[in-house]
Amino acid sequence: MSQVGKSDKTTSMRDAIAEFVTDGATVSLEGFTHLIPTAAGHEIIRQGRRDLTIARMTADVVTDQLIAGDCVSRLISSFVGNSTAGSLGELRRRVEAGALAFEEYSHYGMICRYLAGAQRLPFYPLRSYAGSDVPGINPGIRKVTSPYPAPDGGEEQIYVVPPLNPDVTIVQAQRADRSGNTQVWGLTGIQAEAVYAARKAIVVVEEVVADEVVRSDPNRTVIPAHAVDAVVECPRGAHPAFVQGYYDRDGEFYREWSRISGDPDRLRTWLDEWVLGTADHSEYVAKLGEQRWSDLAVGEAWSEPVNYGRRL
Amino acid sequence: MSQVGKSDKTTSMRDAIAEFVTDGATVSLEGFTHLIPTAAGHEIIRQGRRDLTIARMTADVVTDQLIAGDCVSRLISSFVGNSTAGSLGELRRRVEAGALAFEEYSHYGMICRYLAGAQRLPFYPLRSYAGSDVPGINPGIRKVTSPYPAPDGGEEQIYVVPPLNPDVTIVQAQRADRSGNTQVWGLTGIQAEAVYAARKAIVVVEEVVADEVVRSDPNRTVIPAHAVDAVVECPRGAHPAFVQGYYDRDGEFYREWSRISGDPDRLRTWLDEWVLGTADHSEYVAKLGEQRWSDLAVGEAWSEPVNYGRRL
Amino acid sequence: MSITSSELLASVASRELAGASTVFAGIGLPTLAVSLAQRTVAPDVEIVYESGVCGAHPDQLPETIADAVLITGSEAVLPMTALFGYVLQGGRIDVGFLGAAQIDRFGNLNSSVIGDWHSPAVRLPGSGGAMEVMANSGEVFVVMRRHDPRSFTAELDFCTSPGPDRALADGIRPRGKGVTRVITDLGILARDGAGEELRLVATHPGVTAEQVREATGWDLQVADDLSTITPPTEAELDTLRHEVDPARVYLR
Amino acid sequence: MSITSSELLASVASRELAGASTVFAGIGLPTLAVSLAQRTVAPDVEIVYESGVCGAHPDQLPETIADAVLITGSEAVLPMTALFGYVLQGGRIDVGFLGAAQIDRFGNLNSSVIGDWHSPAVRLPGSGGAMEVMANSGEVFVVMRRHDPRSFTAELDFCTSPGPDRALADGIRPRGKGVTRVITDLGILARDGAGEELRLVATHPGVTAEQVREATGWDLQVADDLSTITPPTEAELDTLRHEVDPARVYLR
């Protein structure tokens, strides 16, 4: 009774971006501090995509790089900052100059947009925004009257957000099998919802693993194959973000980014050297140097296995 | 920077039911074929609770037993059948005689009620019920007009369900630590949402394990300690349902139940002997006999461990 | 060895799955049909189970959609909120399989009660996920072993799972076509989607259109190009008997 | 060794956590305060991080709320939908900690822009989860290192995270009290909930009410029973310095 065919969706980063990220597209890049699809962002810059709408809850370094690469005309986000390390120079300059359209939400507003998108709902209700100035500058945030009485017997109103259905969602993960069953541990973020909300999905992984590895622990599969269109193996693809169990966050890079991005010339030079000047992510990784990767190496803390059982 | 105190919530099934399940309460018992809290249901019958509203998506054997034990005046459910094995005799007799109030939903309707309950929402929208006769017999199911235009530019309507907030939710799981961090593998069902929607929650587990076991794999924790009020260790507490990796489904019992419950006298005798006639679940387990448990034993299929990593 | 009713229905249903990539199926006939299709007309088709199991590789035949043997070695076990919310309502299912106690000419289904809902003659299990499968799948196949006027009825006692015609009448645009194929021991009824009645498009060898009309509780339309169903081929039977269900658990 | 500003603020904030059981906190001062409270007034208090980590047991001090050292060895890592939907909006958080660029007399917060939103003088990071913490926590503590009229302002440039008064004016009943404590390098402002202004209830030794009023951009009310804050005790300092942050990562 088992499945016979199993399609192989592995491809190169270059081909995946060329096929699924087109000028003018809405592209979701998710990953909350952990598993940020940086390498995919760099390839978008290399291929010179234009007029993208980028959806990303925590618009951080890779978003700033995409903006500096002139790829982005519109940003949908709930946090535009360089984590605890400072500012995003290019993003701030363009927003302050009115040169980048910005749809502002809260974190849960973004989460609910992905939930509505993944669930094919016309809207998603949430208990935020009441009394905030955000709905005043974002007409996408509206109100609905509940058809049930409030606790006090009166009428109850609640804010809602519209679905977000990206043309393509790109996420980074620890591992997947060749057909796209994707396993994540540590922070799992909003990646599954962003993938299900999208028309197409690219999964970038540290390792493509044998089917048996995935199948030994099906509860670890956060995104199943049927929701995935391309699988790209790209080790160290999240740098400077971290991948739980693979490498640590490059805190020095984040701090450095505030200085780089604060100076437009320095930023241009950085992009020319590190992104446009590298053929692909493996060159970027090599250019960072072995010492840096050795500093980011992590030790071992293995999960205890669980028994899924077998009928005797 | 670690947490110092850690409360011990372990207690006996008798004390947990006595404290948290009161006459007239709304009690959610969830578990989709897998991990059904049967032992907890039996203890509710032993303690003679009355006038309960039972919420359970798949109202199956344990629900029929609770009804036969005269514990239930109202049922909220989306499937009232004995799996693939036949009928629930007592439930059918009482519904057909108008002796049991029944709120009928679909599976996703129930799921959305728990989602609304867990998320403290006044309603939850879903794309079911359009054209169905169910809203006609269930006034809890209503419509909302979307504040966004439909794809054709017109007005869009969608059905909604109200939140379900049980007084207490009882779930079964493979293991938990003493403070209630609960780990589940295999089918995880709607248990986490049913727990978060409830005012109080009892977790019944095959094993209370050392803190270190849980902490070796935090992504496996489906229900965190802060949502749990009591932890009851009750091995084999799901019988005749199965627990992935612990014991198999007792198919013979399900088939037998259709015959037992089809005859009111035989059902009465069964309850007297197996539930009211046993002091607790360990007596019930012993009464089933070693041969039966040996028939339900499962072999080994261990997950491959993953590395959570450690900063060097 | 003569051909059983299960072999007949599974073979006929499997042929209809050409082109499908995700199928929502229960245990029994639907699973047999999909497993056969994987080996014939639709090698990449995937079964998604209501329990949330995707890419199952059971080493024994499952007894329920939530059987432990479906979980061990599977590719993914989804939380119920993801299965119903993202996969089903999200519109990821091409073909859903459903059964029912009653079906009408538009493919609306009753699985709740026989008689009046408030004091039913027979209380049936209810929707389960059937309403969601109907509302959200691209199309729905119904396999009914018994074709008689009590099941194929002019008027449902209760509509549990409505097709698109009833949804539209309620002011809501459904995603899919509703029931497009009904496969029974007499033949195949079909319709293309909203606004159409089920019509008899094919009969099993030896079955006449009049026989099917008599077994149907409404004035059943018959297609001009009514065809005769090709019986299960040797290759189909061989695959069913030796690969899909060698222990004949469902091929009764 | 003299007492640093961080030691002062963390000690004062920790005392306010008596009775709390779940706290939503960021890295830095809030984490120091909760860790100290766990060892003093609230042994069972649990920190929930915005990243979804519950029951963290880091073996090194975390640099962000999503730091890998918070995950390894923790008791639970929740999906983001569960953290924001079930824990935060579900009403499971007693005390939330927030910061902001601007705060007004009712505890409304701005973390979006300085100047006009459409052409801002300074674009700030925005809400993140702050709006949700404000709307859904039982109460909110704000710790601000710098107490000056630009931050404590009569009128916000933009209200990102509104307290209950603004929510009620918008026709929606909030769950919690909004900001109840503002702890600064000058003293403590407090209010009980909706309808009340923040009032100066305590000052650090050597700070006068008039100094605080001058540092505040609105006409700050002063409590009749204005008290002087007890400086960090030897025991508090000892715990902070030797147990909570021995490497002095945040105790700068």
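Both backbone and side-chain heavy atoms feed into the values below; hydrogens, waters and symmetry mates do not. Proteins come first, then strands; the chains are lettered A, B, ... in the order of their sequence lines, and each starts at number 1.
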With rounding to the nearest 0.5 angstrom, report the [atom1] to [atom2] distance, [X] to [Y].
X: C/T81; Y: A/L115; atom1: OG1; atom2: CG; value: 9.0 Å
X: A/L121; Y: C/Q89; atom1: CG; atom2: CD; value: 5.0 Å
X: C/E75; Y: A/D177; atom1: CD; atom2: CG; value: 6.0 Å

*Less than 4.5 Å apart, any side-chain heavy atom of C/H57 and any of A/D211?*
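Counting from C-beta outward, C/H57 and A/D211 never come under 4.5 Å.
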Counting only non-hydrogen atoms closer than 4.5 Å, does [X] touch chain A with its backbone (N, CA, C, O), its side chain (CB onward), both, or neither?
X: C/L78; answer: side chain
X: C/N136; answer: both
X: C/V53; answer: neither

_Is A/A192 close to chain C through its backbone or its side chain, or both, or neither, when contacts mean heavy atoms under 4.5 Å?_
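Neither the backbone nor the side chain of A/A192 comes within 4.5 Å of chain C.
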*Determine the minimum heavy-atom distance between A/R311 and C/L61, stating which atoms define it.*
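A/R311 and C/L61 have their closest heavy atoms at NH1-O, 4.3 Å.
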*Scan for ring pair (Phe, Tyr, Trp, His ring centres under 6.0 Å) pairs involving residues 196-217 of chain A, sequence neighbours excluded, and state none if there are none.*
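Every ring pair (Phe, Tyr, Trp, His ring centres under 6.0 Å) pair that includes a residue of residues 196-217 of chain A, provided the two are not neighbours, is A/Y196-A/H226, A/Y196-C/Y86.
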*Say whether, by atom type as modelled, one donor and one acceptor occur between the side chain of C/S74 and the main chain of A/P218 under 3.5 angstrom.*
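Judged by distance alone, no pair lies under 3.5 Å.
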*Look only at the side chain of C/T72 and the backbone of A/R310, and say whether a donor-acceptor pair between them is shorter than 3.5 Å.*
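Side chain of C/T72 to backbone of A/R310: no pair is present.
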_Would you say CZ of A/R199 has more than 12 non-hydrogen atoms from neighbouring residues, nucleotides or ligands within 6.0 angstrom?_
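Counting neighbours around CZ of A/R199, more than 12 heavy atoms of other residues, nucleotides or ligands fall under 6.0 Å, so yes.
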*asked:* Counting neighbours of CZ on C/R175 that are heavy atoms of other residues, nucleotides or ligands and sit closer than 6.0 Å, is the number greater than 12?
replied: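 Yes - once you tally the heavy atoms of other residues, nucleotides and ligands closer than 6.0 Å, there are more than 12.
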*asked:* Shorter than 4.5 Å, heavy atoms on both sides: which option in C/G91, C/A68, C/G90 has the most such pairs with chain A?
replied: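 Result: the option with the highest number of such pairs is C/G90.
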*Picking from C/V87, C/L88, C/I71, which has the most non-hydrogen pairs under 4.5 angstrom with chain A?*
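Among the listed options, the one with the most contacts to chain A is C/V87.
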